[in-house]
> 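Take this structure, written in structure tokens, and hold onto it; I'll ask about it next.
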Amino acid sequence: MIRAIKGTRDLLPPDTELWNRVEAVARAVFRTYNYGEIRTPVFEETQLFARGVGEETDIVSKEMYTFEDRDGGSLTLRPEATASVVRAYIQHRLWERPGLTRLYYMGPMFRRERPQKGRYRQFYQIGAEAIGSESPLVDAEMLQMLADILEGAGLKQYELRLNSIGDPACRPAYLERLRAELGKVGEQLCGDCRRRAATNPLRVLDCKIPADQPIIERLPRVTDCLCAACREHFETLQAVLRQRGMAYTVVPRMVRGLDYYTRTTFEFVHHGLGAQNAVLGGGRYDGLSEALGGPKAPGIGFSIGADRFVLSLEESGVTPPAVRPDVYMVWLPAGEAPAADPAFRQADEMARLLRAAGLVVELPPEARKIGRALEQAGKLNARYALIIGENELREGRYQLKDLEQREARQLSRQELLEFFENHKDTKAQRHEEGIP
RNA sequence: GUGAGAGUAGCUCAAUCGGUAGAGCGCCGGACUGUGGCUCCGGAUGUUGCGGGUUCGAUCCCCGUCUCUCACCCCA
């Protein structure tokens with residue numbers, strides 16, 4: 001049997017209902033903040049990610065799906081979307097359009113990691129980028145937008161973690177200091193940390209080994225080593241959040257894995273996700289455009305791990321309403337071939353009219369005895385059954401059976417359409433439940 | 001890439017101290033010649049993940065491999 005390859009999966013109904021809801025909520029919120037959708041290719045020149053994400057990151061050095069094209073070029077399935085969005089920003093000279101560039105995207109990303117809870121090789125991200133301003137007010141607005149999305153989808157109990165990791169003016173000095181301090185305590189740390197101290201000292205801060213914690217606590221904090229400009233930027237952001245009454249925790253030890261981040265970084269975590277507890281992550285990338293050969297274009301963005309978001313919602317008990325047919329068509333054949341059978345022809349015609357009126361109609365492709373047919377209708381949780389058989393054809397009125405009230409009425413075609421016009425409860429219900 | 005646990009019907013699981021598998025749900029049909037989620041009866045579906053070894057004989061023991069799950073690493 002051919003199976004979906006490792007780390008990929010099929011999303012099936014009814015689960016996809018929740019996915020659709022999440023995406024619908026996100027789109028609706030993006031619209032209110034005046035973000036427009038961008039769709040970029042799922043594969044790009046390998047160089048884009050090498051230069052954008054960073055040659056030394058784990059993503060680029062060991063997790064990309066890279067392959068040679070027939071003409072010899074090196075292509076890569078996108079491991080994230082920010083590099084592509086900034087590439088498009090440069091390619092199409094989007095800075096020449098009026099106002100701040102605000103773009104959102106959603107779609108699959110690819111990283112070859114060992115799968116685990118909330119982590120897949122093909123996973124989905126819903127993200128946005130605001131490019132063209134370094135104002136902390138943009139950062140603050142983006143965090144507000146995120147809260148709107150999480151809450152709009154029904155997520156409770158999340159936590160916003162915030163940090164500032166400085167810029168090219170102050171981070172090198174901080175790293176220097178950190179290295180020096182790590183040199184002094186080197187022998188007391190775990191093996192992983194000693195390795196990190198040399199390769200990527202920031203990662204030491206992220207260590208989870210209990211024995212290392214007291215040592216790490218005494219290391220210098222990024223937030224204490226920011227230059228004046230970065231410090232002011234971070235303080236302004238926090239002032240707006242406080243003014244707004246938005247809860248957050250400054251976590252100076254929070255480190256992000258992409259090289260392009262500067263200043264503000266953040267993540268929203270949800271407990272119940274296991275080890276991968278970040279539902280989303282993001283931050284500022286003031287130097288990315290220039291690193292990709294574009295103009296100076298400070299920006300900030302985030303990415304929601306849709307798979308994890310859906311998981312968190314499930315953990316929070318959020319379940320979308322089950323999709324159910326409004327009308328199940330029961331047709332009782334007179335024994336002729338379906339195309340010629342008058343019952344089928346009437347059922348087919350009625351189904352068309354009811355669908356045109358916006359109803360969900362199930363027309364079974366095989367005729368069954370009435371008992372079986374109603375049993376099916378019941379199992380599918382249909383609201384009504386419309387019965388068309390010999391008697392109905394003779395009298396020109398169909399039997400509409402309310403499967404919840406267990407009552408039936410005989411209605412002509414016209415009366416049926418009027419009935420559903422006046423009883424929009426099933427349709428109305430769907431609209432209230434937030435599916436646009 | 002490393003470690004641990006698990007793979008038996010579409011789903012959830014049982015079983016054999018080694019003697020080639022069952023239940024519930026679901027699916028299909030009948031009882032029921034036009035009135036439902038019930039009941040009863042019947043039916044289909046498994047090379048017991050795959051490959052090898054031990055054995056008269058392996059779903060069970062051993063080795064390998066694949067996949068899944070969780071964790072490390074890393075990240076969304």
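Chain letters run A, B, ... following the sequence lines, proteins first, then strands; residues in each count from 1.
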> May I have the step-by-step check of salt bridge (charged side-chain N to carboxylate O under 4.0 Å, His left out) for A:Glu267 and A:Arg256, ending in yes or no?
CA-CA 9 Å; A:Glu267 59 187 32; A:Arg256 317 241 77 241; 2.9 Å; yes

> Salt-bridged, A:Arg253 to A:Glu217, with N to O below 4.0 Å?
yes

> So which protein N/O to nucleotides 70-72 of chain B N/O distances come out below 3.5 Å?
unit_1 : atom_1 : unit_2   : atom_2 : d
B:C70  : OP2    : A:Lys117 : N      : 2.7
B:A71  : OP1    : A:Ala275 : N      : 2.8
B:A71  : OP2    : A:Gln116 : NE2    : 3.2
B:C72  : N4     : A:Arg119 : NH2    : 3.3

> NA contact type, A:Val330, heavy-atom cut-off 4.0 Å: base, sugar-phosphate, or nothing?
nothing

> When you check the phosphate oxygens OP1 and OP2 of B:U35, does a side-chain N or O of A:Arg406 lie under 4.0 Å from one of them?
no

> Distance check needed: B:G30 C1' versus A:Glu375 CD, whole Å only.
12 Å

> If we take the P atom in both B:G34 and B:U39, what is their distance in whole Å?
22 Å

> Check this for me: does the side-chain of A:Glu392 come within 3.5 Å of the base of B:G34 through a donor and an acceptor?
yes

> Tell whether A:Lys6 reaches the base of B:U67 with its side chain through a donor-acceptor pair below 3.5 angstrom.
no

> Between B:G34, B:U35, B:A76, which nucleotide has the shortest distance from any of its atoms to the side chain of A:Arg308?
B:A76

> Please give me every residue in residues 44-57 of chain A whose heavy atoms get under 4.0 Å of an atom in RNA chain B, ordered by residue number.
none

> Determine the contact category for A:Leu280: base if any of its heavy atoms lies under 4.0 Å from a base atom, sugar-phosphate if only primed atoms, P, OP1 or OP2 are that close, otherwise nothing.
sugar-phosphate

> In whole Å, measure the gap between the P atoms of B:G51 and B:A9 for me.
16 Å

> Indicate, with yes or no, if the rings of A:Tyr104 and A:Phe30 have centres closer together than 6.0 Å.
yes

> Any ion pair linking A:Arg218 and A:Glu181 (charged N to carboxylate O, less than 4.0 Å)?
no

> Of all the nucleotides listed (B:A31, B:C74, B:A76), which has the minimum atom distance to the side chain of A:Arg203?
B:C74

> A:Arg112 CZ to B:C75 C1': how many Å, rounded?
16 Å

> Rounding to the closest angstrom, what is the interatomic distance between B:A14 and B:C72 at atom P?
28 Å

> Is A:Glu390 touching bases, backbone alone, or none of the nucleic acid, heavy atoms closer than 4.0 Å?
base

> Within less than 4.0 Å of OP1 or OP2 of B:C28, is there a side-chain N or O belonging to A:Arg368?
yes

> Do A:Leu386 and A:Leu416 make a side-chain contact, defined as non-hydrogen atoms from C-beta onward lying under 4.5 Å apart?
yes

> Which heavy atom in A:Met254 sits nearest to a heavy atom in A:Asn163, and how many Å separate them?
O-ND2, 3.0 Å

> For B:U55 and B:C41, measure between their P atoms and round to the nearest Å.
47 Å

> Using the salt bridge (charged side-chain N to carboxylate O under 4.0 Å, His left out) rule, take A:Arg409 and A:Glu407 through it: C-alpha gap first, then chi angles, then the decisive distance, then the call.
CA-CA 7 Å; A:Arg409 65 194 86 208; A:Glu407 58 189 24; 3.2 Å; yes

> When you compare B:C28 with B:A44, how far apart are their C1' atoms, in angstrom units rounded to a whole number?
8 Å

> When the distance from CD1 of A:Ile370 to P of B:G36 is rounded to whole Å, what number comes out?
8 Å

> So which nucleotide does B:G7 pair with, by the Watson-Crick or G-U wobble rule with both distances under 3.5 Å?
B:C66

> Please give, in whole Å, the distance from B:G36 C1' to A:Arg324 CZ?
14 Å

> Tell which nucleotide pairs with B:U54, taking only Watson-Crick or G-U wobble pairs whose two distances are both under 3.5 angstrom.
none

> Could you tell me whether the side chain of A:Glu134 reaches within less than 4.5 Å of the side chain of A:Arg263, counting heavy atoms only?
yes

> What is the pairing partner of B:G42, taking Watson-Crick or G-U wobble pairs with both distances under 3.5 Å in any strand?
B:C28

> Take the angle between the ring planes of A:Phe266 and A:Phe302 and call it parallel below 30°, perpendicular above 60°, tilted in between.
tilted

> Assign A:Gly281 to base, sugar-phosphate, or nothing according to its heavy-atom contacts below 4.0 angstrom with the strands shown.
sugar-phosphate

> On a whole-Å scale, what distance lies between the C1' atoms belonging to B:G49 and B:C38?
39 Å

> Which is it for A:Arg179 and A:Glu176 under the salt bridge (charged side-chain N to carboxylate O under 4.0 Å, His left out) test, yes or no, and what are the steps along the way?
CA-CA 5 Å; A:Arg179 275 211 184 83; A:Glu176 193 93 354; 5.2 Å; no

> Any base atoms under 4.0 Å from A:Ala377, or only sugar-phosphate, or nothing? Heavy atoms, all strands.
nothing

> Any strand counts, and the cut-off is 3.5 Å on both contacts for Watson-Crick or G-U wobble. Which nucleotide pairs with B:U33?
none

> In whole Å, what is the span from the CG atom of A:Leu160 to the P atom of B:A76?
15 Å

> From the list B:G37, B:A31, B:A76, which nucleotide is the closest neighbour of the side chain of A:Lys369?
B:A31

> How close or far is atom P of B:U69 from atom CZ of A:Arg121, stated in whole angstroms?
11 Å

> Where do A:Phe420 and A:Tyr384 land on the ring-ring contact (aromatic ring centres under 6.0 Å, His included) test, with the steps shown first?
CA-CA 11 Å; A:Phe420 282 115; A:Tyr384 297 97; 5.4 Å; yes

> It should be established whether A:Lys379 places a side-chain nitrogen or oxygen under 4.0 Å from OP1 or OP2 of nucleotide B:C27.
yes

> How far, in whole Å, is B:U35 from B:C50 if one measures between their P atoms?
48 Å

> Considering Watson-Crick and G-U wobble pairs with both distances under 3.5 Å, what does B:C17 pair with?
none

> As a test of reading the structure: which of B:U67, B:U35, B:C27 is closest to the side chain of A:Leu374, going by heavy atoms?
B:U35

> Compare the minimum distances between each of B:G37, B:C74, B:U35 and the side chain of A:Gln399, then state the nucleotide with the smallest one.
B:U35

> Taking any strand in view, what nucleotide pairs with B:U59 in a Watson-Crick or G-U wobble way, both distances under 3.5 Å?
none

> Cation over ring, A:Arg102 on A:Tyr33, under 6.0 Å and within 45°?
no

> So A:Arg111, base contact, sugar-phosphate only, or nothing? Heavy-atom distance under 4.0 Å.
base

> For A:Glu407 and A:Gln376, take the nucleotide of RNA chain B holding the closest heavy atom to each; which residue's nucleotide lies nearer the 5' end?
A:Gln376

> Which listed nucleotide (B:C68, B:A76, B:C28) is nearest to the side chain of A:Glu113?
B:A76

> If pairing requires Watson-Crick or G-U wobble contacts with both distances under 3.5 Å, which nucleotide is the partner of B:C72?
B:G1

> Any side-chain heavy atom of A:Glu390 within less than 4.5 Å of one from A:Leu393?
no

> With the threshold set at 4.0 Å, does a side-chain nitrogen-carboxylate oxygen contact exist between A:Arg413 and A:Glu349?
yes

> Check every strand shown and say whether A:Ile387 touches a base, only sugar-phosphate, or nothing at a heavy-atom separation below 4.0 Å.
base

> Determine the interatomic distance between P on B:C56 and the same-named atom on B:U8; round to the nearest Å.
30 Å

> Between A:Asn391 and A:Arg372, which residue's closest nucleotide on RNA chain B lies nearer the 5′ terminus?
A:Arg372

